[in-house]
Number of protein chains: 2
Amino acid sequence: MDEILPRQTEPAPQKGTVTQRAIEQIKAMIAEGRLEPGARLPTERELAVQLGISRSSMREAIRALTVLGVLEARHGSGIYVTQLEAGDLLETFGVVADLSRGPQLVELLEVRRILESTATALAAARITPGELAEVEKHLAAMHATDDPEEILAHDLAFHRAIVAAAGNDTMAAILEGLSSRTFRARVWRGYQEEGAFARTRREHAAIHRALVAHDPEAARAAAAAHVGEVEEWLRTQLSQ
Amino acid sequence: MDEILPRQTEPAPQKGTVTQRAIEQIKAMIAEGRLEPGARLPTERELAVQLGISRSSMREAIRALTVLGVLEARHGSGIYVTQLEAGDLLETFGVVADLSRGPQLVELLEVRRILESTATALAAARITPGELAEVEKHLAAMHATDDPEEILAHDLAFHRAIVAAAGNDTMAAILEGLSSRTFRARVWRGYQEEGAFARTRREHAAIHRALVAHDPEAARAAAAAHVGEVEEWLRTQLSQ
DNA sequence: TTGAGCGTAGTGGTCGGACCACTGAGCTGA
DNA sequence: TCAGCTCAGTGGTCCGACCACTACGCTCAA
């Protein structure tokens, strides 16, 4: 049996709960490279013995790291380190958008406006014909139906395709969280109920034109205006 | 005893683990407003009974929501919903920076460059004399010592004070995660070892000048260049 | 030889109960 | 009046048992 525990001069650091300590130790193992992405951890029972805690506490630590997207537990198989890619680690970002309210929603939209306008500008400079076709597919599908649910889905996919073309997966993962389904459903619903469909259509068309022209500055302005419109609407809603 | 459980037409939805289901149900209670920020939850034992699961599983669910910054457990007192502010929910963002590596670090720096340059521009337009004094305090302290640790601490505080002046707490919380202590220690160390102190000093001075002049565009450019320098250095490091 | 099917050991998932450590409110008594 | 104590209640930890599922190897017929 290999000893994974680091040597301790002090036998009892005793800071925080044992579970919290276990979380930190596993995180440290990964950060220090002792556990590579995709690697399989020892069993829960073994890990508990190695860190000197009960299996219950170890399970809580593992569960915590699981929701953070660091570990992945496969029933009957074992516990594995995720690939630690942007998508894995930023999945929890959606929780923020889901539980924020009031002024915080405006702040989130402001962050989204900043990131999405830049991402759209980057996309305008780099987008390939294939990626552009994907964008146009969702743009067309959005106009071909009047089912709000379907429109929302294609609206999401439209922006997602653009952001993907920007080439920064981390930024894409953050924007994915900021545009989580429940978040957009909450804000967009009220916005669109005020007959903003036509305006949204015009703004999407402007973004599309900028992409076709490979004009980053126009794309940035169009995307910023698009998000800014919603942002402003939400701001007035809250001040009433 | 009040019944908190929603009425279920189907007695057994049975998707995912019971713990995962418990996490979703508690999140839903908060999202729907049945649990206000700061509210005290029923005891672990009570919650377990209400959701029809064991206390062990319920504890795992609570632990998960605790690390996400949604709940807060106080030993001997009870479990409470946090204030759900940006700082609470985005604390986990630091984990991303801590566990990312290679190309992903460059992507994170790119996101930071975008957000921080905008934040600095906003700060230039809004900063008050008091806030400016705070910025200058750390700028001076950074030059008054040659202890790398202390320099790094004041460097962090310098940027934190500027971002705080921008007035968007959500953006500040994200940037806080992107500049987490371990992250900067990892990247900055190698950067500064190449004698970049003088350059860093010039760049900080440029940012400061733009703040004093209340010139947003100059501030944006200076901050973007500042982060961009490190970004470019890291990029070349990785390509070797 | 080969491959489909069947065990089976081992893994994470769940449960129940016991006890410990800490908090906070109420009681006691100077 | 209030400092100090008491104690019921709460989260923290541990244990042991069993269930659900997976992966691998074995068997046996084609």
Side-chain angles (χ1 to χ4, degrees), chain A residues 1-2 4-5 8 11-26 29-30 35 38-82 88, chain B residues 1-2 4-5 8 11-26 29-30 35 38-82 88:
Chain A
M1 288 296 153
D2 290 337
I4 294 191
L5 276 172
Q8 313 180 6
Q14 287 292 37
K15 43 181 178 180
T17 67
V18 296
T19 302
Q20 195 60 42
R21 237 179 302 157
I23 293 175
E24 297 302 332
Q25 295 193 47
I26 295 178
M29 287 188 207
I30 298 174
L35 286 174
R40 184 179 182 280
L41 275 68
T43 69
E44 293 179 346
R45 296 165 173 85
E46 229 174 298
L47 271 175
V49 173
Q50 286 184 10
L51 299 192
I53 64 179
S54 72
R55 192 188 162 203
S56 313
S57 301
M58 178 54 69
R59 273 190 61 79
E60 286 187 28
I62 292 170
R63 171 71 64 177
L65 290 169
T66 296
V67 301
L68 289 179
V70 176
L71 299 182
E72 179 189 355
R74 299 181 204 160
H75 192 170
S77 173
I79 303 165
Y80 302 80
V81 182
T82 67
D88 299 320
Chain B
M1 289 296 154
D2 289 337
I4 293 190
L5 276 171
Q8 313 179 7
Q14 288 293 40
K15 43 180 175 179
T17 66
V18 296
T19 302
Q20 196 59 41
R21 237 179 302 157
I23 293 175
E24 298 301 332
Q25 296 194 45
I26 295 178
M29 288 187 206
I30 298 174
L35 285 173
R40 183 180 182 281
L41 275 70
T43 70
E44 293 179 346
R45 295 165 174 86
E46 233 175 293
L47 272 175
V49 173
Q50 287 184 10
L51 299 192
I53 65 179
S54 72
R55 193 190 161 201
S56 313
S57 301
M58 178 52 70
R59 273 191 61 79
E60 285 187 29
I62 293 171
R63 170 72 62 178
L65 290 170
T66 296
V67 302
L68 289 180
V70 176
L71 299 182
E72 179 189 355
R74 300 181 203 158
H75 192 170
S77 174
I79 304 166
Y80 302 80
V81 181
T82 68
D88 300 319

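Convention: sequence-line order gives letters A, B, ...; per-chain numbering from 1.
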(message) Using OP1 and OP2 only, check whether a side-chain N or O of B/Ser57 sits under 4.0 Å from C/dG13.
(response) no

(request) For A/Glu44 and D/dG16, give me the distance from atom CD to atom P, rounded to whole Å. (result) 16 Å

(request) Specify the separation, in whole Å, of atom CZ of B/Arg59 and atom C1' of D/dT10. (result) 11 Å

(message) How many whole angstroms separate atom CZ of B/Arg63 from atom C1' of D/dT13?
(response) 11 Å

(message) Judged by each residue's nearest nucleotide on DNA chain D, which is more toward the 5′ side, A/Ser54 or B/Thr43?
(response) B/Thr43

Report each atom pair, protein N/O against N/O of nucleotides 18-22 of chain D, whose distance is under 3.5 angstrom.
residue, atom, partner, partner atom, Å
D/dA20, N3, A/His75, NE2, 2.9

(request) For A/Ile79, answer base if it contacts any base atom (sugar-phosphate contacts may also be present), sugar-phosphate if it contacts only those atoms, and nothing otherwise; contact means non-hydrogen atoms under 4.0 Å. (result) sugar-phosphate

(request) Apply the side-chain contact (heavy atoms from CB on, under 4.5 Å) test between B/Leu47 and each candidate in B/Gln25, B/Met58, B/Arg55; give the one that qualifies. (result) B/Met58

(message) Whole angstroms only, please: what is the CE-P distance between B/Met58 and D/dT10?
(response) 15 Å

(request) Considering just the side-chain nitrogens and oxygens of B/Ser56, establish if one lies under 4.0 Å of OP1 or OP2 belonging to C/dG13. (result) no

(message) In whole Å, I'd like the distance from the CD1 atom of B/Ile53 to the P atom of C/dC15.
(response) 7 Å

(request) Round to the nearest Å and state the distance from B/Glu72 atom CD to D/dG12 atom C1'. (result) 16 Å

